[in-house]
Amino acid sequence: MNSTDELLQTTSWFPKLPAPLREAVSNGVRPIVVEAGGYVCRRGDVSQCWFGVIDGLVKVCNTSIDGRLMTFAGLPPGAWFGEGTVLKAERWHYDAIALRTSRVACLPAALFFRMLDESIAFTRFMLEHVNERLGQLMATVQSDRLTVPALRVANCLLAMFNSQLYPLGDAEIQLTQEEIGYLSGVTRQKVNIAVRQMEALGLLNISYGRVTVTDLNGLRLFAARVP
DNA sequence: TCATTAAATTGTT
DNA sequence: AACAATTTAATGA
């Protein structure tokens, strides 16, 4: 994907906006380029925009006092994020960092609120979007409390490919096994065993610093397996 | 472009 | 948690 317009066209809500608002959004969205390792937004910043990933991969994470990474979500192209912070006009609780050089569309908060006020289609999208997030959170809580490490890792990887939240996601994640560990609450050693087990099952390929899912449906079945 | 070195990541204990 | 092996990235000839 290479433009904000293209990104907007992939959404369910943009084509349904009233014409004047569509025009305003089209003109008001500004794309930014974030180099690999750069910040889309930082914890503590006042939220100004709702973000949509055009290209690349962005992770939402925190760095703890001792320097450890805690990743909450990976955001592939097509993902929109930050609505929670915009809605509450708060400061960011997390960092958003580009894992690869990425382009991100910034939609100013004023336009975001105007869409909520003026478009039922957008409001409905937002309701479904938040509902999907909640569903994913529930799946993660359940997975974390009930299942063995390998299934938690599988769930964590699946979360990256949620087609509802991230309609355009490809099958590659640039995350180290260490980061997957922090993301799924499993030690690096267990992650290592889990990903190699899944590779042996033909569900994914692992290479230096990245995981490529080759059988998404197979991974779903694997994650749903009763321990 | 290639070789050397440092840093990051992985595999193992 | 610690260690060794491997891979990548950076550096300079």
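Every chain is numbered from 1, with letters handed out A, B, ... down the list of sequences.
Whole-Å rounding puts the A:Tyr182 OH to B:dT10 P distance at 12 Å. Look at CD1 on A:Ile193: it is 11 Å from P on B:dG11, rounded to the nearest Å. The nearest whole Å value for the distance from the CD atom in A:Glu178 to the C1' atom in B:dA7 is 13 Å. In this structure, the CG atom of A:Leu99 is 11 Å from the P atom of B:dT9, given to the nearest Å. The distance between atom CG of A:Asn192 and atom P of C:dT6, rounded to the nearest whole Å, is 14 Å. Rounded to an integer number of Å, the gap from A:Tyr208 OH to C:dA5 C1' is 11 Å. Distance, A:Lys190 NZ to B:dG11 P: 16 Å, rounded to whole Å. At whole-Å resolution of the value, CD1 in A:Ile180 and P in B:dT10 are 8 Å apart.
Counting only distance, with no hydrogens or angles, the side chain of A:Asn27 and the backbone of A:Glu23 share a donor-acceptor pair below 3.5 Å. A donor-acceptor pair under 3.5 Å is absent between the side-chain atoms of A:Ser102 and the main chain of A:Ala36, judged by distance alone.
Phosphate contact (OP1/OP2 of B:dG11, side-chain N/O of A:Gln177, threshold under 4.0 Å): present.
Nucleic acid contact class of A:Arg188 (heavy atoms, under 4.0 Å, all strands): base.
A side-chain donor from one of A:Asn192 and A:Arg196 sits under 3.5 Å from a side-chain acceptor of the other.
There is a path of hydrophobic side-chain contacts, each under 4.5 Å, that joins A:Ile32 to A:Phe81.
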